[in-house]
Amino acid sequence: MTACANPALARPVAEQSPWIAFRARPETPARVRLFCLHHAGGSALAYRDWGVLAGRGVDVCPVQTPGRGHRIGEDPCNNLGLLARRLADALAPLMTEPYILFGHSMGAALAYETAVVARRAGLPPPELLAVSARLPAHWPTQRMTSRLSDADFLQELRRLNGTPDELLDDAEMAALILRIARTDFEANDRHVAVGQRLDCPILALGGMNDELVSRSELEGWAELTASRFRLCILPGDHFYLRGAAPAIGDLILEEAGIP
């Protein structure tokens, strides 16, 4: 698979863009819109608990990329640059109000590239780019997980602790996960950004016990902003964000200057 599926094949969800899996809106007018981009092999369900931030005046919009969830009938995409262009085009109508881009792992690189595309298209910049648990987008990765055999790839998914074991133990589900995750990891492994500096601030987040991305590596994201940079380390591993939506939300809103 070398390209994203035709967007025309996507099924709309709740009369909104097929790129948005669901929305959690505050009862009063939102102060900011938060686009949440998932990790490789994951889906918008990674943010199913983030609706709690609606109580803080946040319009929570988890992004669903092709090949999973309600877009299961589409092919996943193995090119982050192409995916970012299509995502920015889809989100453009929602970028007219103040917004934040948050991406975890692969989603961090996709969030950065989406901000770059938005800038080139003359769209309003995000109030903040929040990147989580990934090497800086302009640094090459040395892992090349996508080239592992099926058995080793599944073992790596278990080690990363981002996919429930019961899904990986089911042969049918494991085959589906392999198809999606391998394409995502291919996109992530081979992507190296040009390194264009953004005008918006960047907040980098990571897990204290993350064996994949170190604190010093996260600091490299500072090279991609002409504005301010902040790094915060939270308790946990590569998937430290589980159950941490309130704490992460506080950090994001604080850094974006939204009281």
Side-chain angles (χ1 to χ4, degrees), residues 1-7 9-10 18-21 35-48 62-88 90-91 101-114 117 131-165 167-168 170 172-193 210-213 237-239 241-242:
M1 293 169 285
T2 58
C4 295
N6 187 334
L9 298 178
W19 290 85
I20 305 298
F35 298 113
C36 306
L37 283 62
H38 61 75
H39 58 281
S43 73
L45 282 177
Y47 300 103
R48 59 186 173 276
V63 168
Q64 192 78 289
T65 59
R68 65 217 79 208
H70 67 278
R71 307 185 71 178
I72 192 68
E74 303 176 56
D75 287 335
C77 181
N78 67 355
N79 185 312
L80 283 186
L82 174 60
L83 193 59
R85 291 192 293 274
R86 293 187 170 176
L87 176 58
L91 297 184
L101 289 168
F102 174 88
H104 179 72
S105 199
M106 179 193 75
L110 180 56
Y112 166 78
E113 290 295 349
T114 301
V117 174
V131 292
S132 169
R134 193 193 188 278
L135 291 175
H138 60 312
W139 290 15
T141 179
Q142 303 298 322
R143 295 180 57 80
M144 295 299 162
T145 303
S146 60
R147 299 180 183 177
L148 296 174
S149 67
D150 286 355
D152 289 342
F153 194 96
L154 289 173
Q155 186 59 36
E156 179 67 3
L157 291 181
R158 292 182 190 276
R159 190 181 73 81
L160 291 175
N161 196 31
T163 307
D165 284 342
L167 296 182
L168 298 178
D170 182 283
E172 185 174 347
M173 285 302 303
L176 176 61
I177 291 169
L178 271 173
R179 170 180 171 270
I180 297 169
R182 192 180 290 281
T183 305
D184 285 354
F185 273 88
E186 180 185 355
N188 189 56
D189 288 348
R190 72 181 189 175
H191 181 75
V192 182
D210 189 346
E211 297 180 357
L212 297 182
V213 186
D237 58 14
H238 189 66
F239 285 94
L241 73 170
R242 287 199 195 94

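- Taking 4.0 Å as the cut-off between side-chain N and carboxylate O, Glu186 and Arg190 count as a salt-bridged pair.
- When every heavy atom of Phe102 is checked against every heavy atom of Ala111, the shortest pair comes out as C-CB, 4.5 Å.
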Test log, rule side-chain contact (heavy atoms from CB on, under 4.5 Å), inputs Leu160 and Leu212: CA-CA 9 Å; Leu160 291 175; Leu212 297 182; 3.0 Å; yes

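- Put simply, the side chain of Trp19 reaches to within 4.5 Å of the side chain of Arg86, judged on heavy atoms.
- Across every non-hydrogen atom of His238 and Ser105, the tightest pair is NE2-OG, 3.1 Å.
- At a threshold of 4.5 Å between non-hydrogen side-chain atoms, the residues Asn188 and Thr145 do not count as touching.
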Steps toward side-chain contact (heavy atoms from CB on, under 4.5 Å) verdict (Arg179, Asp75): CA-CA 9 Å; Arg179 170 180 171 270; Asp75 287 335; 3.1 Å; yes

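- At a threshold of 4.5 Å between non-hydrogen side-chain atoms, the residues Val63 and Leu110 do not count as touching.
- Distance CG/Leu101 to OH/Tyr112: 12.5 Å, rounded to 0.5 Å.
- The two residues Ala40 and Met106 make their nearest non-hydrogen contact at N-CB, 3.6 Å.
- A distance-only check finds a donor-acceptor pair linking the side chain of Arg182 to the backbone of Leu148 [under 3.5 Å].
- In this structure, Leu178 CG and Leu154 CG are separated by 4.0 Å, a value rounded to the nearest 0.5 Å.
- For the pair Phe35/Ile20, a side-chain contact is recorded, criterion being any heavy-atom separation below 4.5 Å from C-beta on.
- In this structure, CG in Leu37 is found 6.0 Å from OG1 in Thr114, a value given to the nearest 0.5 Å.
- Checked by atom type and distance alone, the side chain of His38 never pairs as donor or acceptor with a backbone atom of Leu45 at under 3.5 Å.
- The local environment of CZ in Arg147 is sparse, with at most 12 non-hydrogen atoms from other residues, nucleotides or ligands closer than 6.0 Å.
- Using a distance-only test at 3.5 Å, with no hydrogens or angles considered, a donor-acceptor pair links the side chain of Arg71 to the main chain of Gln64.
- Phe239 CZ to His104 NE2: the interatomic distance, rounded to the nearest 0.5 Å, is 4.5 Å.
- To the nearest 0.5 angstrom, His191 atom NE2 is 10.5 Å from Leu83 atom CG.
- Counting all heavy atoms, side chain and backbone alike, Ala44 lies closest to Ala21 at CB-CB, 3.4 Å.
- Leu82 approaches Cys77 most closely through the heavy-atom pair CD2-SG, 4.3 Å.
- For the atom pair CG (Leu80) and CG (Leu87), the distance works out to 11.0 Å, reported to the nearest 0.5 Å.
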Full working for side-chain contact (heavy atoms from CB on, under 4.5 Å) between Leu157 and Phe185: CA-CA 11 Å; Leu157 291 181; Phe185 273 88; 3.9 Å; yes

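- The side-chain tip of Arg134 does not point at the ring of Trp139 from less than 6.0 angstrom away and within 45° of straight on.
- A salt bridge between Asp237 and Arg159 is absent, with no side-chain N of the basic residue lying under 4.0 Å from a carboxylate O of the acidic one.
- The two residues His70 and Pro18 have their closest heavy-atom pair at NE2-O, 2.8 Å.
- Arg68 is listed as a side-chain neighbour of Asp184, based on a closest heavy-atom distance under 4.5 Å.
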